[in-house]
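Owing to the predicted nature of the structure, the values given are computational and were not obtained by experimental measurement.
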Amino acid sequence: MGKASEMKNEAKMATDDLPYYACAARVGQETQVAEELAEIAPWVWVAKRLEPIRVGKSRKRDWSERPMWPGYVFAQLGAEHFFEARNIKGLHPTKLQLHPTEKRILLRAAARLDDELHSEKRRIERQRAPAVTYEPGQTVDILDGAFVDRLAAFQRVIRRAGREYGRINIHGWPVPVDIPLEDLKAAE
């Protein structure tokens, strides 16, 4: 093993021992506090969710990323990080150290919630995408669902319950399947 990889492993082991904290932040400033904490701490996380908002004269619906738990920022802080964090504007002096069991739960929840946020963002982006028309017989790639990453032959568009679906024949599948148009992409 090289010297650089040994140093990297030692640095990782050193940060694994640092305690995790639930830090109180001023409501509405969680993201700014997290950005400043990220400059000094090895791990910082704010739980986020997407909320619909209405903007402009037309009151068109848009999506905004907001904190799921207002006033909370989670961070891994050592003694030197803890001392430096005193000067972060919007960070309350109250910090609660998490028990190792709480730490494991937090890390699992952070991974799950971040995955859900990412999935929701992808779904919204697919809905915003302009409708793509496919020709009958054109080969398409399935982006999401049970048949993800499979190739299929497009047949026609079906409108049902206010949504558009593409009726496709999946190669090697005996019956046609209806899949939302936003989950299809022209194969290259």
Side-chain angles (χ1 to χ4, degrees), residues 1-130 141 143-145 148-149 180 182-183 185:
M1 199 181 323
K3 188 170 181 143
S5 61
E6 285 178 16
M7 290 174 57
K8 189 176 182 181
N9 287 340
E10 287 175 15
K12 184 180 182 330
M13 287 174 47
T15 60
D16 285 345
D17 296 337
L18 297 177
Y20 285 75
Y21 290 89
C23 306
R26 204 171 284 145
V27 175
Q29 295 185 354
E30 298 89 350
T31 306
Q32 295 92 334
V33 168
E35 288 170 359
E36 289 186 42
L37 263 176
E39 294 175 6
I40 59 171
W43 184 83
V44 178
W45 180 68
V46 175
K48 294 182 180 176
R49 65 180 172 169
L50 292 176
E51 286 185 5
I53 58 171
R54 301 283 179 177
V55 293
K57 283 186 174 183
S58 65
R59 306 297 294 158
K60 184 179 176 188
R61 185 170 73 171
D62 199 7
W63 296 91
S64 175
E65 203 171 284
R66 303 278 171 93
M68 184 176 286
W69 300 312
Y72 285 96
V73 176
F74 299 90
Q76 185 181 20
L77 301 169
E80 66 280 356
H81 308 126
F82 200 87
F83 184 74
E84 289 179 39
R86 292 180 314 143
N87 301 323
I88 294 177
K89 185 177 179 183
L91 184 64
H92 195 272
T94 305
K95 296 168 190 67
L96 176 69
Q97 184 174 351
L98 302 178
H99 185 273
T101 304
E102 294 170 327
K103 168 194 146 185
R104 285 192 299 275
I105 292 168
L106 172 69
L107 293 176
R108 274 191 234 126
R112 183 179 55 83
L113 291 171
D114 285 346
D115 287 344
E116 288 175 8
L117 178 67
H118 183 66
S119 297
E120 189 67 15
K121 283 181 178 178
R122 278 195 335 233
R123 184 186 67 78
I124 290 168
E125 284 303 315
R126 282 197 306 262
Q127 285 178 348
R128 286 182 182 168
D141 190 17
L143 301 174
D144 202 7
V148 68
D149 294 333
E182 61 263 13
D183 293 340
K185 179 180 102 176

Original post:
Once you round to the nearest 0.5 Å, how far does CG of Leu18 lie from NE2 of His81?
Top reply: 6.5 Å
Subject >> salt bridge (Lys or Arg N to Asp or Glu O under 4.0 Å): pairs with one or both residues in residues 66-78, sequence neighbours excluded >> reply: Glu51-Arg66
N/O donor-acceptor pairs under 3.5 Å from side chains in residues 85-95, not counting sequence neighbours:
unit_1, atom_1, unit_2, atom_2, d
Arg86, NE, Phe83, O, 3.2
His92, ND1, Thr94, N, 3.0
His92, ND1, Thr94, OG1, 2.9
Lys95, NZ, His92, O, 3.4

Original post:
CZ of Arg54 to OG of Ser64: how many Å apart, nearest 0.5 Å?
Top reply: 14.0 Å
**OP:** Name all residues meeting the side-chain hydrogen bond (donor to acceptor under 3.5 Å, both in side chains) criterion together with Asp144; count only those two or more places apart in sequence or in a different chain, and write none if there are none.
**Re:** Arg126
Original post:
Please walk me through it: do Leu143 and Val148 pass side chain to side chain contact (heavy atoms under 4.5 Å, CB included)?
Top reply: CA-CA 5 Å; Leu143 301 174; Val148 68; 5.7 Å; no
Original post:
So do the side chains of Lys121 and Glu65 get within less than 4.5 Å of each other, counting heavy atoms only?
Top reply: yes
What donor-acceptor contacts under 3.5 angstrom involve side-chain atoms of residues 103-117, with partners at least two apart or in another chain?
unit_1, atom_1, unit_2, atom_2, d
Arg104, NH2, Thr101, OG1, 3.4
Arg112, NH1, Glu116, OE2, 3.1
Asp114, OD1, Trp45, NE1, 3.0
Asp114, OD2, Trp45, NE1, 3.3

Original post:
Within a strict 4.5 Å, meaning less than it, do heavy atoms of the Tyr72 and Cys23 side chains meet?
Top reply: no
Which atom pairs, one a donor and one an acceptor, fall under 3.5 Å between side chains of residues 24-43 and the rest of the protein, sequence neighbours left out?
unit_1, atom_1, unit_2, atom_2, d
Glu30, OE1, Gly28, N, 3.1
Glu30, OE2, Gly28, N, 3.4
Glu30, OE2, Gly71, N, 2.5

Subject >> With Phe82 via ring-ring contact (aromatic ring centres under 6.0 Å, His included) - residues at least two apart >> reply: Tyr21
